[in-house]
Protein chains: 2
Amino acid sequence: MIKESSRLREYIRRIQRRLGLVDENGKSCCGITLSQCHSLVEIGRAGAISLVDLATEMGLDKSTLSRTVENLVQKGYAIRETDARNRRYVVIKLTEEGNSLFKGIEKGMDDYFDKIYQLIPEGKRAQVLESMQLMLEAVTKFECCQ
Amino acid sequence: MIKESSRLREYIRRIQRRLGLVDENGKSCCGITLSQCHSLVEIGRAGAISLVDLATEMGLDKSTLSRTVENLVQKGYAIRETDARNRRYVVIKLTEEGNSLFKGIEKGMDDYFDKIYQLIPEGKRAQVLESMQLMLEAVTKFECCQ
DNA sequence: ATAAAACAGTTGCAATATGCAATTAATATT
DNA sequence: AATATTAATTGCATATTGCAACTGTTTTAT
């Protein structure tokens with residue numbers, strides 16, 4: 001007999017793998033790498049963000065993000081300005097072009113999740129949604145209280 | 001009003017991020033890299049596997065896996081033998097030491113998911129489990145039928 | 001007020017990961 | 001028997017990542 005928590009683990013493992021593939025596919029259409037894509041989306045969501053905040057948000061070293069942002073700037077998708085109120089900070093934003101790329105990525109992901117959602121039996125959708133929320137709460141609780 | 005599929009997307013996004021952190025922590029205690037850890041677990045689960053099968057299973061190029069396996073061999077966690085029945089193949093297996101590392105990783109992950117499962121309200125656990133299964137079915141269906 | 005500490009960001013360095021293409025060796029096909 | 005296919009390895013190029021050192025800016029402490 002298999003433990004229920006093991007079943008949970010296995011489901012999540014497989015879902016993660018599938019979603020990883022989606023991520024990979026998304027990459028190829030952007031003309032940017034996956035890391036750059038992730039950074040771009042974070043910047044787009046934030047609107048404007050400093051380097052350390054971006055690094056913290058993404059769980060990566062600031063040096064890594066410094067370079068990734070540099071790449072996005074090179075490609076014309078982002079700009080860096082020094083923060084007038086505190087000149088240690090840079091304010092990272094998307095350019096027009098970066099913003100439309102961001103919107104495109106967001107739309108692509110939304111479309112994907114629309115389709116996924118439709119593939120869940122209609123009578124089960126609300127339950128799945130609630131369950132994902134419960135799942136998120138569980139993993140979040142674990143983080144802070146372990 | 002936020003679309004339900006967008007809520008789904010956001011939940012999954014955050015869960016993924018949390019689980020990624022777990023993965024990262026798991027890494028540091030192993031003395032091996034995350035990629036090596038993933039490969040080791042795949043080999044451990046398979047018992048014995050060829051390089052191409054491993055690469056296919058993990059969705060990576062066989063050259064990448066060739067090197068990762070080489071690293072695991074170097075560290076004494078895996079062995080490569082040529083398959084007697086078809087000498088083009090190598091049979092990749094874990095050594096004693098690799099196997100106990102594998103078991104340790106599996107145990108760590110199982111313990112983690114046990115705790116997560118306990119953090120889900122008792123009356124909701126069965127529902128969450130069923131929902132994860134439905135979610136997996138949905139993303140799998142999308143893959144094959146899109 | 002000035003010296004020291006803390007902080008944000010960048011850059012040099014090293015390790016790892018990854019895919020493609022070419023190569024080698026073994027097996028299957030014609 | 002010759003050719004094609006397949007499994008694995010290796011050379012090459014690129015990307016990712018973190019740590020540590022360094023610069024410039026702001027905050028804190030004396």
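Here the structure is a predicted model, which is why all the values come from computation and not from measurement. The sequence lines fix the lettering, A, B, ..., with proteins before strands; numbering per chain opens at 1.
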- Task: Write out all pairs satisfying salt bridge (charged side-chain N to carboxylate O under 4.0 Å, His left out) with one or both partners inside residues 89-102 of chain A, taking only residues at least two apart or from two chains.
- Result: E81(A)-K93(A)
- salt bridge (charged side-chain N to carboxylate O under 4.0 Å, His left out) pairs touching residues 118-130 of chain A, sequence neighbours excluded, are K124(A)-E130(B), E130(A)-K124(B)
- Item | L94(A) with I79(A), same ILVMFWY side-chain cluster at under 4.5 Å | no
- Check whether V52(B) and I43(B) end up in the same hydrophobic cluster, where Ile, Leu, Val, Met, Phe, Trp and Tyr are linked by side-chain heavy atoms less than 4.5 Å apart. no
Would you tabulate the pairs of protein nitrogen or oxygen atoms and nucleotide nitrogen or oxygen atoms of nucleotides 27-30 of chain C closer than 3.5 angstrom?
residue	atom	partner	partner atom	Å
dT27(C)	OP1	R87(B)	N	2.8
dT27(C)	O4'	R88(B)	NE	3.4

- Which atom names give the shortest non-hydrogen contact between L65(B) and L60(B), and what distance separates them? CD2-CB, 3.5 Å
- Task: Identify the heavy atoms of I12(A) and L19(B) that sit nearest to each other, and give their distance.
- Result: CG2-CD1, 3.3 Å
Can you name the residues that form a side-chain hydrogen bond (donor to acceptor under 3.5 Å, both in side chains) with [X], not counting sequence neighbours?
X: S63(B); result: D61(B)
X: S66(B); result: none
X: K75(B); result: Q36(B)
X: R67(B); result: none

Distance check needed: [N] [atom2] versus [X] [atom1], whole Å only.
X: L34(A); N: dT16(D); atom1: CG; atom2: P; result: 8 Å
X: I92(A); N: dG9(C); atom1: CD1; atom2: C1'; result: 9 Å
X: Y89(A); N: dT25(D); atom1: OH; atom2: C1'; result: 11 Å
X: H38(A); N: dT16(D); atom1: NE2; atom2: P; result: 11 Å
X: L51(A); N: dT17(D); atom1: CG; atom2: P; result: 14 Å

- Query: What are the residues of residues 65-74 of chain A, sorted by number, that bring a heavy atom to within less than 4.0 Å of DNA chain C?
  - Reply: S66(A), R67(A)
- Of all of residues 55-63 of chain A, which get a heavy atom below 4.0 angstrom from DNA chain D, listed by number? L60(A), D61(A), S63(A)
- Item | Residue list, side chain to side chain contact (heavy atoms under 4.5 Å, CB included) with R17(A), at least two apart or on another chain | R13(A), E42(B), E57(B)
- Task: Could you tell me which residues satisfy side chain to side chain contact (heavy atoms under 4.5 Å, CB included) with S100(B), sequence neighbours excluded, listed by chain and number?
- Result: none
- Can you tell me if T95(B) uses its side chain to pair, donor with acceptor, with the backbone of G76(B) under 3.5 Å? yes
Distances under 3.5 Å only, N/O to N/O: pair up the protein atoms with those of nucleotides 1-5 of chain C.
none

- Message: So, OP1 or OP2 of dA17(C): does either fall under 4.0 Å of a side-chain N or O from S35(B)?
- Response: yes
